[in-house]
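A short write-up of the structure that comes next.
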Amino acid sequence: MDKIQMTTPIVEMDGDEMTRILWKEIKEELLSPYIDLKTEYYDLGLEHRNETEDKVTVESAKATLKYGVAVKCATITPNAARMKEYSLKEMWKSPNATIRAILDGTVFRTPILVKGIEPCVKNWEKPITLARHAYGDVYKNAELKVPGPGKAELVFLGEDGKEIREEIHSFQGPGILQGIHNTEQSIESFARCCFQYAIDLKQDLWFATKDTISKKYDHTFKDIFQEIYEKEYEKQFKELDLEYFYTLIDDAVARVMKAKGGFIWACKNYDGDVMSDMVSSAFGSLAMMTSVLVSPKGAYEYEAAHGTVQRHYYKHLKGEETSTNSVATIFAWSGALRKRGELDKNSALIEFANRLERATLKTMEEGKMTKDLALITSLKEVHVQNSQDFIKAIRQTMDQG
């Protein structure tokens with residue numbers, strides 16, 4: 001069988017630990033036998049990021065803007081323990097935060113539904129997509145420890161020399177401080193990405209902040225969303241019988257728990273980080289969540305929503321068997337290949353992406369799945385697969401047609 005040809009490469013961002021092991025096996029078993037795979041490769045493994053002083057992360061993001069489509073493996077965001085373990089030159093920033101800042105995009109995360117895995121929230125019938133702002137907040141913050149008594153202030157010095165000051169707190173003893181920021185331009189990009197994605201999916205859009213407490217920071221998000229909706233999207237929403245709905249973040253959480261799903265829930269950066277994990281876990285597993293970063297400049301970066309599966313990696317290094325769920329990583333590749341096919345008008349590539357996803361779901365519906373899903377499935381006959389055998393089982397399903 002002739003391999004499917006690609007005309008434009010995908011930016012490939014390799015990663016860390018167990019997901020890096022699975023990444024290689026997915027390419028060898030599920031992609032290379034069927035596609036003449038063209039990628040521009042960047043090694044975002046922590047060791048190589050350290051060697052390049054994280055320049056490779058910036059280069060991969062710029063390449064994504066150039067080629068329009070990227071696929072990313074899970075990566076380590078180092079802490080003090082990782083700094084020692086990998087002998088790092090410094091505690092490098094989150095690669096995702098760096099890439100998101102350069103692409104100025106919005107992260108859309110959607111659960112992967114499969115028969116036999118029922119949501120913990122019984123009334124959820126359709127996927128809930130989390131739209132997460134991908135710039136600023138705690139991911140681009142400034143922090144310091146307060147050594148003792150004193151006054152903390154917010155200070156803004158304008159280019160015209162004018163100064164604005166706002167007292168934060170008068171400390172009577174040691175404490176901590178954190179400064180976060182955002183830009184109106186990034187918030188506007190976030191809003192437009194959300195409204196357009198809702199139109200593309202023909203789904204209602206919810207947006208939630210805490211503007212009653214954060215009367216300037218969160219309220220600015222609320223105002224910008226409302227203004228852009230009224231000026232640019234309200235007519236299209238009404239024509240498609242879609243609703244744009246704003247509420248407080250705590251009210252949104254309560255409403256989501258009682259909803260049936262089938263809508264997009266937009267959140268600020270940190271809120272989206274937390275709520276996407278909650279939604280994905282309640283739908284079944286963190287390893288069953290797609291994630292795509294959509295840039296207003298027309299670039300798309302696909303990844304799994306979960307981490308590097310450190311515990312399984314250490315078992316793997318000891319030669320022990322693991323049963324690691326690779327579904328979200330497989331769907332990151334299928335999503336990127338489908339988008340590449342759409343942009344290049346390559347119908348064979350689009351069909352392959354669809355076929356790969358169908359085979360993955362069919363394999364699980366036949367009872368072949370990793371341990372995390374086997375523990376929660378309602379299927380009666382289950383065959384627990386190890387990490388490698390699960391990928392091979394999907395290959396067998398694909399070859400069977």
Side-chain angles (χ1 to χ4, degrees), residues 104-113 119-135 137 182 184-215 217-283 289-296 298 300 305 335:
D104 187 27
T106 297
V107 178
F108 294 93
R109 290 181 169 173
T110 308
I112 301 165
L113 301 191
C120 297
V121 183
K122 300 303 180 186
N123 46 279
W124 285 358
E125 299 173 0
K126 300 176 182 177
I128 297 169
T129 296
L130 260 294
R132 174 185 170 190
H133 189 210
Y135 176 81
D137 291 349
N182 234 293
E184 290 194 0
Q185 180 182 356
S186 182
I187 299 168
E188 289 167 1
S189 294
F190 173 42
R192 290 190 177 96
C193 279
C194 291
F195 288 122
Q196 189 58 53
Y197 204 76
I199 288 168
D200 292 344
L201 266 61
K202 295 181 175 57
Q203 291 185 350
D204 293 342
L205 175 66
W206 296 16
F207 179 49
T209 69
K210 193 69 173 178
D211 65 285
T212 52
I213 301 298
S214 178
K215 298 183 188 298
Y217 194 96
D218 281 25
H219 215 297
T220 297
F221 276 82
K222 177 186 177 183
D223 291 344
I224 287 174
F225 261 74
Q226 189 63 36
E227 183 179 348
I228 288 177
Y229 172 68
E230 291 175 358
K231 284 185 177 180
E232 301 177 29
Y233 294 98
E234 187 172 15
K235 183 180 178 183
Q236 293 179 74
F237 265 59
K238 288 183 176 177
E239 286 173 353
L240 294 169
D241 195 26
L242 300 178
E243 180 185 19
Y244 167 58
F245 173 68
Y246 174 82
T247 189
L248 295 172
I249 185 72
D250 45 336
D251 180 54
V253 172
R255 288 173 180 264
V256 164
M257 288 300 169
K258 297 173 183 176
K260 292 185 178 180
F263 57 88
I264 300 165
W265 179 14
C267 295
K268 301 200 328 292
N269 206 343
Y270 179 74
D271 294 342
D273 192 1
V274 175
M275 295 306 165
S276 63
D277 277 14
M278 180 198 73
V279 168
S280 62
S281 295
F283 267 105
M289 190 91 163
T290 65
S291 181
V292 55
L293 175 65
V294 180
S295 168
Y300 299 80

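Position 1 is the first residue of the sequence, and the numbers go up from there. As the structure is a prediction and not an experimental result, all values here were calculated from the model.
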Minimum heavy-atom distance Trp124-Val256, with the two atoms named: NE1-O, 2.8 Å
Smallest separation among heavy atoms of Trp206 and Ala252, with atom names: CZ3-O, 4.2 Å
Show every salt bridge (charged side-chain N to carboxylate O under 4.0 Å, His left out) that has at least one partner inside [range], sequence neighbours left out.
{"range": "residues 255-271", "result": "Asp218-Lys268, Asp251-Arg255, Lys268-Asp271"}
{"range": "residues 121-132", "result": "Arg132-Asp273"}
{"range": "residues 190-204", "result": "Arg192-Glu232"}

Donor-acceptor contact below 3.5 Å, side chain Ser214 vs main chain Lys210: no
Donor-acceptor under 3.5 Å (Ser186 side chain, Asn182 main chain): no
Mind checking the [atom1]-[atom2] spacing from [X] to [Y]? Nearest 0.5 Å is all I need.
{"X": "Cys267", "Y": "Ile249", "atom1": "SG", "atom2": "CD1", "result": "4.5 Å"}
{"X": "Ile128", "Y": "Gln203", "atom1": "CD1", "atom2": "CD", "result": "10.0 Å"}
{"X": "Glu234", "Y": "Leu242", "atom1": "CD", "atom2": "CG", "result": "12.0 Å"}
{"X": "Lys215", "Y": "Thr220", "atom1": "NZ", "atom2": "OG1", "result": "13.0 Å"}
{"X": "Ser280", "Y": "Ile112", "atom1": "OG", "atom2": "CD1", "result": "10.0 Å"}
{"X": "Arg109", "Y": "Asp277", "atom1": "CZ", "atom2": "CG", "result": "6.5 Å"}

Under the rule for side-chain hydrogen bond (donor to acceptor under 3.5 Å, both in side chains), what residues qualify as partners of [X], not counting sequence neighbours?
{"X": "Thr110", "result": "Thr129"}
{"X": "Glu184", "result": "none"}
{"X": "Thr106", "result": "none"}

Side-chain donor-acceptor contact under 3.5 Å, Tyr135 with Asn269: no
Distance-only polar pair, side chains of Asp211 and Tyr246, donor-acceptor under 3.5 Å: yes
4.5 Å side-chain heavy-atom contact, Asp223 and His219: yes
Heavy-atom check, side chain of Cys194 versus side chain of Ile264, under 4.5 Å: no
Among Thr212, Thr209, Ile213, the one residue meeting side chain to side chain contact (heavy atoms under 4.5 Å, CB included) with Leu248: Thr212
Criterion ring pair (Phe, Tyr, Trp, His ring centres under 6.0 Å) against Phe207, the qualifying member of Phe263, Trp265, Phe225: Phe225
Parallel, tilted or perpendicular: ring planes of Tyr229 versus Phe237, cut at 30 and 60 degrees: perpendicular
Check: Tyr233 ring centroid to Tyr244 ring centroid under 6.0 Å: no
Centroid separation Tyr197 to Phe108 less than 6.0 Å: yes
